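Numbering of ligands and ligand atoms starts at 1, following listing order. Values in this document were obtained by computation on a predicted structure and should not be read as measured data. Positions are given from 1 along the sequence.
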Amino acid sequence: MPSKKAAPRTSGAVVAEKPCSGQMVIRGGSVFTAADSFKADLLIRKGKIVEISECVSAAGPVEVIDARGLEVYPGGVDVHTHFDLPFMGTVSADDFESGTTAAACGGTTTIIDFVIPSKGRSVLEALETWKAKAAGKAVVDYGFHMALVEFNDQVAAEIPKVVAEGITSFKCFLAYKGAFMVDDLQFLGVLNAAKKHGALVSIHAENGDILAYLMKQLTDEGKTAAQYHPIAHPAAAEAEATHRGIELARMAGAPLYIVHLSCNEALEEVKAARCRGQLVLAETCPQYLLLDDSLYRGNGFEAAKWVMSPPLREKAGQEKLWQGLRDGFIQGVATDHCSFNFSGQKDMGKDTFLKIPNGIPAVGDRMNLLYTYGVAKGKLSRNQFAAVVATNPARIFGLSPAKGTIAVGSDADLVLFDPKKKGRISKATSRHRVDYSAFEGFELSGMAALVLSRGRVVSKDGAFTGTKGAGRFIKRSASDARQWS
Ligand code: URP
Ligand code: ZN
Ligand code: ZN
């Protein structure tokens, strides 16, 4: 029996005609993938896209979503979050329930979080700890990267087992001396071992020794207020670590992914490497595209809200990052969501910025911000938007083709943007479980109106409609990074 025709109604209204029956048609939306733009109906069955055509007709009962006037994108893929992370003497405020709920309401339907083991502990054991944090809580699908905070025989022996678990990417910190930081010898060990097992290595690129030196110098001079955090994290230290990481990856013959690239100095290193043919990939974050280091000045301890590593940079560099995205030198935008309450967590560093837990909330804001300040402002085409928030990260981290695109056979992870919808980011409406918003007051022009995770509506007009624990752990395949060489 063919599906009934959608009744005429105001363009852009999101209305389900029939109760959910396992079959759904998204009718009449403008579909945008990284490669294509077209008007089509999408037929969804058992959580997958099964047909894309000008006018689908489905046998049996079907739920119809009127997407006329809306833009249909692949559900967002945020490959950099820290939920429920023990860090700097506290634990990040969003757990897998609140973090993925905020993600869902903002149009992100897959996240990859970082397992960060303690030194001396089995990394496989740490993986089990992180799986337990997420299971029964996550509302959208999730995977994990494995951070390696040391490299020795035990870690080397565990790497293939970790990869077999579907954790196909490792991260090394070249910063956080005395905590997560690895030295160059250890980093080379990780690069070689990961390469052997087909995994991708990423780095937090800041020179931890330079940072430690500057922190001591500032402290000795009595400069311990929050405003000094960025002084202890200069762009030169990021550029140096980016350069070194790239050189070591070149020696190892391994691809490299740079997380949270914040400044043009580091971008120039990535560009130079890519221009000589080296496989180096990078992500930036909404905070580096949209916020700047003026927030650290004249703001008293409020500056702690934006204490993160790397820190916010000068405004002048932001256009370079946007250009880097357009030119394909930066392939993705992730959030590095690592939230801490201003009251009770950030204020652990009232006496010295060294004790301010590093990180900001952003996972729920990324898609709306990139749409407004990227697409609506003409800095990104709609296809570039789909690429940097979903398709590229999914491909780089082995989530493709189930995630990150709109194609027959892919998961029905979708975000329907209403280009006419206006809003404003605010703590009052945020789903982040923290007491402030890093983007308070940012106007939005175009917003996620309906979000689907494997065919289930998880958010409607910013309200959560999903189910706690419905998110599934994704065993990822090897990275598709080679296609960017
Ligand atoms: O300040 C940040 N970025 N906090 C999270 C941990 C990290 O370095 O990614
Ligand atoms: Zn980092
Ligand atoms: Zn991070």
Practice task
State the CD-CD1 distance between Gln287 and Ile360, to the nearest 0.5 angstrom.
Solution key: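 If we round to the nearest 0.5 Å, Gln287:CD and Ile360:CD1 are 3.5 Å apart.
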
I'd like to check which ligand 1 atoms, numbered from 1 as shown, lie under 4.0 Å from a non-hydrogen atom of [X].
X: Met308; result: 1 (O)
X: His260; result: 8 (O), 9 (O)
X: His82; result: 5 (C), 6 (C), 7 (C), 9 (O)
X: His204; result: 8 (O)
X: Cys338; result: 5 (C)
X: His80; result: 9 (O)

Quick one: nearest non-hydrogen protein atom to [atom], plus distance?
atom: atom 7 (C) of ligand 1; value: Tyr176 OH, 3.5 Å
atom: atom 4 (N) of ligand 1; value: Asn358 O, 3.0 Å
atom: atom 1 (O) of ligand 1; value: Ser309 N, 2.8 Å
atom: atom 3 (N) of ligand 1; value: Asp336 OD2, 2.6 Å

Problem - Vertex the Zn ion (ligand 3), rays to NE2 in His82 and OD1 in Asp336 - rounded to 10° - result: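 NE2 of His82, the Zn ion (ligand 3) and OD1 of Asp336 span an angle of about 100°.
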
Handout entry: Over 12 foreign heavy atoms within 6.0 Å of CZ, Arg424
Key =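 Atom CZ in Arg424 is not crowded, with 12 or fewer foreign heavy atoms closer than 6.0 Å.
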
Exercise for the section: Establish, for the pair Lys133 and Phe96, whether the NZ or CZ atom is under 6.0 angstrom from the six-membered ring centre and no further than 45 degrees off its axis. Expected result: no

Exercise for the section: Restricting to N/O/S, name the atom of His204 that gets closest to the Zn ion (ligand 2). Expected result: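 Distance check against the Zn ion (ligand 2) picks out ND1 in His204.
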
Handout entry: Derivation and outcome, side chain to side chain contact (heavy atoms under 4.5 Å, CB included), residues Val280 and Ile258
Key = CA-CA 8 Å; Val280 177; Ile258 316 285; 4.1 Å; yes

Practice task
Return yes when Phe180 approaches ligand 1 closer than 4.0 angstrom through a heavy atom, no otherwise.
Solution key: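 Under 4.0 Å: no for Phe180.
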
Exercise for the section: Assess Lys171 for proximity to ligand 1: is some non-hydrogen atom of it under 4.0 Å away? Expected result: yes

Exercise for the section: Look at the aromatic rings of Tyr371 and Phe385 and report parallel, tilted or perpendicular, splitting at 30° and 60°. Expected result: perpendicular

Exercise for the section: Could you tell me whether any N, O or S atom belonging to His260 is less than 2.8 Å from the Zn ion (ligand 3)? Expected result: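 Not a single backbone or side-chain N, O or S atom of His260 is under 2.8 Å from the Zn ion (ligand 3).
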
Handout entry: Verdict with supporting geometry, His233 and Met215, side chain to side chain contact (heavy atoms under 4.5 Å, CB included)
Key = CA-CA 9 Å; His233 291 253; Met215 285 173 192; 3.7 Å; yes

Handout entry: Sidechain N-carboxylate O distance under 4.0 Å for Glu125, Lys161
Key = no

Problem - Residues Arg313 and Glu265 bridged, charged N to O under 4.0 Å - result: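 The answer is no: the pair does not qualify as a salt bridge.
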
Handout entry: Residues Phe342, Val434; criterion side chain to side chain contact (heavy atoms under 4.5 Å, CB included); working and verdict
Key = CA-CA 8 Å; Phe342 185 64; Val434 272; over 6 Å; no

Practice task
Please check if the distance between the ring centroids of Phe442 and Tyr373 is under 6.0 Å.
Solution key: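 So the answer is yes for these two rings.
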
